[in-house]
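Notes to accompany the following structure.
Throughout, a chain's letter reflects where its sequence line sits, starting with A, and its residues are numbered from 1.
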Amino acid sequence: MEQLKTIGRELAMGSQGGFGQSKEFLDLVKSIGEARSKAEEDRIVLHEIETLKRRISEPDIPKRKMKEYIIRLVYIEMLGHDASFGYIHAVKMTHDDTLLLKRTGYLAVTLFLNDDHDLIILIVNTIQKDLRSDNYLVVCAALNAVCRLINEETIPAMLPQVVDLLAHSKEAVRKKAIMALHRFYQKSPSSVSHLVSNFRKRLCDNDPGVMGATLCPLFDLITIEVHSYKDLVVSFVSILKQVAERRLPKSYDYHQMPAPFIQIRLLKILALLGSGDKQASENMYTVVGDIFRKCDSSSNIGNAVLYECVCCVSSIYPNPKLLEAAADVISRFLKSDSHNLKYMGIDSLGRLIKMSPEIAEQHQLAVIDCLEDPDDTLKRKTFELLYKMTKSSNVEVIVDRMIDYMISINDNHYKTDIASRCVELAEQFAPSNHWFILTMNKVFEHAGDLVNVKVAHNLMRLIAEGFGEDDDAADSQLRSSAVESYLHIIGEPKLPSVFLQVICWVLGEYGTADGKYSASYITGKLCDVAEACSNDETVKAYAVTALMKIYAFEIAAGRKVDMLHECQSLVEELSASHSTDLQQRAYELQAVICLDAHAVENIIPSDASCEDVEIDKNLSFLNSYVQQSMENGAQPYIPETQRSGMLDTNFRSQDQPEASLHGLRFEAYELPKPPVPSRIHTASLEPSTELVPASEPAYPKDTHQVATVPSVSDAGSSELKLRLDGVQRKWGRPAYSSSAPSPSSSTSQNTVNGVTQIDAAGSVISKAHKTNDSRKPRVEISPEKQKLAASLFGGSSQTEKRSTSASHKVTKAVSHAAGKSQAPKSAVVSNQVTVEKTIHQPPPDLLDLGEPAVPSTTPSVDPFKQLEGLLDPTQVSSTANHGAVGAATESPDIIALYGKTPASGHSSSAAISLPTNGDGVNFTAGLLDATLSTAHAEQLSV
Amino acid sequence: MIRAVMVMNTQGKPRLAKFYDSVPVDKQQELIRSVFGVLCSRAENVSNFVEADSIFGPDSRLVYKHYATLYFVLVFDSSENELAMLDLIQVLVETLDKCFKNVCELDLVFNYSKIHTILDEIFFGGQVLETSSTEVMKAVEEISKLESASNSINLVPKSVSGWRGR
């Protein structure tokens, strides 16, 4: 019924002319709408295409009809069918003089053609003409087409006209010209680089809309290069101030907010300009604070502006007051019922956490709620937040959660993402080897085909190299637990190929190392793997090589090798394989097990996968062989560059080098004596020998390389560590990582650090005391959630497990002081109420508060003593000397800002001159100069 | 930057699609389909945001709003603010509502070129041009007035000259 009514209305409109369409089109749309299936729809559309093809090429079609045909073509193409036969007619239509048809033509070509289409060349001329038209609507239509159709090559043809339009009398045209220039910049920055000054000039445009449009290109420019735009900070701040003070015409209001979209742009720009720049940031504090206060948090757009404020505050040089305001906004977002606001809250929490890590603590339950929310977007955002706040104390909970989620989703893209994050976190913060191995197993089991192969190689390398500490026991324990878990998991069906490769490699290398499992048991398992993946040659290759290693170790250990029956048949099968790689491996295996213990030991030394392989690039050991051959009449080797004649080249390149390569391999295997019995000896004999870093241990050919150089070198292994990209250092040492999450902590905070260190112990006590108190009132929250919260945000139960080395404690105390030092600073500035509040805050999560001994020894310390201590000026100056000074110097600063900005704001307020404020020429002349000079004057006077 | 504006109905039929990057036609269809796949799997009362990396490549987000039988979708990158984009959809819908008095799905279908005119007044080359629905309405009305004027003036002389040429 509703539909009928609308159709009736449409028909009425159609008869009025204007935008109405014929009955035919109406019928088409209706029948498509009623189509029961995609096939039926396709049939209808194909029929329509036939009709249009026939009609559109008829001579002398009335223009109105033609216009409708074009619209029908656009419609058809939107439904996914090819309408290219009509493109040329759309292009023709742009040439028409009638506005209606021209606009329709432009609409159609912008939808049909991409900027690299052949037909563009036919439009360029028209666009050029239209950009000069008297009718501003024609100009607008042309500008619209310019944005879409002009590519790098045609930009120069349009550029002069577009630049001229920047001074057009209609603001709508100026606005679009700015955006067209912006588009040019996006497509080819070099083509408009000399015109950047135009953007600056338009910032002072009389019309706020044009000024707002200019912010888009400026944002892009500033993103790329901040430094050349620092001079604009004052201007941006004063514009923002005027906007926030509602000095723009009422028509710019949106839902009772003054020009919120302009505010958002400006805040984004300020965030970029103020990042890491204290001076620039100080200019912004007042206006951002004002916006925080004025924003209407009940409307959607008001919250958008607030969110942008939080982003800005977390990007610019930190200011305690603003951080507090931002934290308030965040808690409002998180407490809201709206999922959108929760999402924004989580996002901004992730931003602010870099500046003040302790705020996550306040919202732990809200975060956990979001984690359990059915909304996928919110969940993912929360995982992103958790990823940012992971540290060694909560890594287990977070990674477990991530893996659970990873298993539950089907979206491969996100699965890959979250898997690599799990791996990264596990590598950085793993509390124990066993956990690490189990975690990696889970990741590989469920997302093995999605993770980067490098991850697998890294895992193998980690298992092979251990921690990089001289702790052999721990290393072998790691390996044993890996072997054990792999043997446990190996029987499961459908393991990903990459994971199987890791398993095979580890079993081959370490399967029998601790003597727990017999060689026949391990080889049996390996054969099962090879059989199970009959289609996966890589896995088979890994399995065969692993078999070879196991047998080699057995032979080297002097045990008799009994090849399992299934193993024998596997090797036989593979030696007839289509894959030459598999064949070679099979033959090598057969060759190796026939050798004696000494030779085998040299070919495949035990646990030597991380050793460097020496490669004699000059093949100097072949010298005698070459000599001998030449004496026997062989021709000397001619380098490829010196050869002439195709035939000759082919012959030699196939013959000689090949021969010598084979020589290399077989010599290495068959020599009863190792080529490098003592390293120094060979090295001194052959100065050309180089140390070459071993290739990735996982590389299928590793055994060959290991085989050639059996010697063990200490120097080599220490060099190898360098290639670990810091993985080892992070792993398993909580002391480092606990200070790691705050790399962005400002310099001033660091200096305060040192000074307040004396106070650290005291504050630890009071903090710990307080935490216990603050946890009590939350009885109504389910214990499960609390447990999760505690484990995520550093509860006391977790910490007891953690290792407590002396150095660890020190760092903690220091970092605690760092967190703490913020509190006295702000406390001095503000009144007592805020002091109490800051102290009552749950502890910053950088620290591990529950150091077991501390609270029990001095639980009677009165927290208010601490408070008094903080307020007492003398004590403050003695304990937090630096902080107090900073605060003291800061408060007059703020006052100065308050005093200054209204003045400068006033002087430049005319820049966005209101329509009533007639004298436009003057202001266009130079907002910049005006604001800059006033700013200078102010600074001097202060 | 805004990458695309889409309007589709709850059965996944595209009602309006405009891409501000160069996207080939068949790719557009694929994108629309995958967006619909995501949207229709989302429950009521969840957030209006979707991370769209897997559909549109890195650094892309998607905001949608569900009105009666239509989904309005905006795709954009990190230089835009999600909540503001949500309001932009609101602006678009408000404008359509003003234009068609109680807009419904069929209005979009039958007034294809007018919708595009409105869209071009709000978005321009992937940037937000105008956010006040009153201003957009003014511009659109002026365009349609001038268009019909130019139409009626030009129709007669054109046809006469065409007739003479024969």
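Contact count against chain A (heavy-atom pairs under 4.5 Å) is highest for B/Asp53 among B/Asp53, B/Leu16, B/Val128. The choice from B/Gln11, B/Gln28, B/Glu80 that makes the most heavy-atom pairs within less than 4.5 Å of chain A is B/Glu80. Counting heavy-atom pairs closer than 4.5 Å to chain A, the top residue among B/Phe124, B/Tyr20, B/Phe19 is B/Phe124. Highest contact tally toward chain B, considering only A/Arg183, A/Glu41, A/Met179, A/Met78, is held by A/Met78 [criterion: heavy-atom pairs under 4.5 Å]. Counting heavy-atom pairs closer than 4.5 Å to chain A, the top-ranked of the candidates B/Asp21, B/Leu88, B/Thr134, B/Val63 is B/Asp21. Between chain B and the residues A/Lys381, A/His182, A/Lys342, the most heavy-atom pairs under 4.5 angstrom are made by A/His182. Per-residue counts of heavy-atom pairs under 4.5 Å with chain A were compared for B/Gly125, B/Ser79, B/Ser132, B/Ala43; the largest is that of B/Ser79. Of all the listed residues (A/Leu143, A/Ile70, A/Leu113, A/Asp337), the one sharing the greatest number of non-hydrogen pairs under 4.5 Å with chain B is A/Leu143.
The shortest distance between side-chain heavy atoms of A/Tyr414 and B/Ser54 does not fall below 4.5 Å.
Atom CG of residue A/Asp376 and atom CZ of residue B/Arg42 lie 7.0 Å apart, to the nearest 0.5 angstrom. Atom CG in A/Asp115 sits 4.0 Å away from atom OG in B/Ser22 (nearest 0.5 Å). Remark: B/Leu83 CG to A/Asn303 CG distance equals 6.5 Å, nearest 0.5 Å. The distance from the OH atom of B/Tyr112 to the CG atom of A/Leu111 is 6.0 Å, given to the nearest 0.5 Å. Annotation: the span from A/Phe219 atom CZ to B/Gln127 atom CD amounts to 9.5 Å, rounded to 0.5 Å. Rounding to the nearest 0.5 Å gives a distance of 8.5 Å between SG of A/Cys140 and CG of B/Leu129.
For B/Glu44, no part sits under 4.5 Å from any heavy atom of chain A, backbone or side chain. Only the backbone of A/Ala35 comes within less than 4.5 Å of a heavy atom of chain B; no side-chain atom from C-beta onward does. Proximity to chain A is absent for every atom of B/Asn9, based on heavy atoms less than 4.5 angstrom apart. When heavy atoms are compared at a cutoff of 4.5 Å, B/Asn81 approaches chain A by way of both its backbone and its side chain. Using a 4.5 Å cut-off between heavy atoms, A/Asp411 contacts chain B through its side chain alone, with no backbone atom that close. For A/Glu384, the part lying near chain B is the side chain, with the backbone staying farther off; criterion is any non-hydrogen pair under 4.5 Å. Contacts of B/Met85 with chain A are absent, with no heavy-atom separation under 4.5 Å from either backbone or side chain. Heavy-atom distances place no part of B/Ser133 under 4.5 Å from chain A, backbone and side chain included. Contacts between A/Val146 and chain B at a heavy-atom distance below 4.5 Å are absent for every atom of the residue.
Across every non-hydrogen atom of A/Lys67 and B/Ser113, the tightest pair is NZ-OG, 4.3 Å. For the residue pair A/Lys176 and B/Glu121, the shortest heavy atom distance occurs at NZ-OE2, 3.2 Å. When all heavy atoms of A/Tyr343 and B/Glu51 are compared, the closest pair comes out as OH-OE2, 4.1 Å. Closest approach of B/Ala84 to A/Ile301, counting heavy atoms only: CA-CD1, 4.2 Å. Closest non-hydrogen pair, A/Tyr254 versus B/Val91, comes out as CE1-CG2, 3.4 Å. The minimum heavy-atom distance between A/Arg103 and B/Thr117, with the atom names listed, is NH2-CG2, 3.0 Å.
A side-chain donor-acceptor contact under 3.5 Å links B/Glu142 and A/Tyr136.
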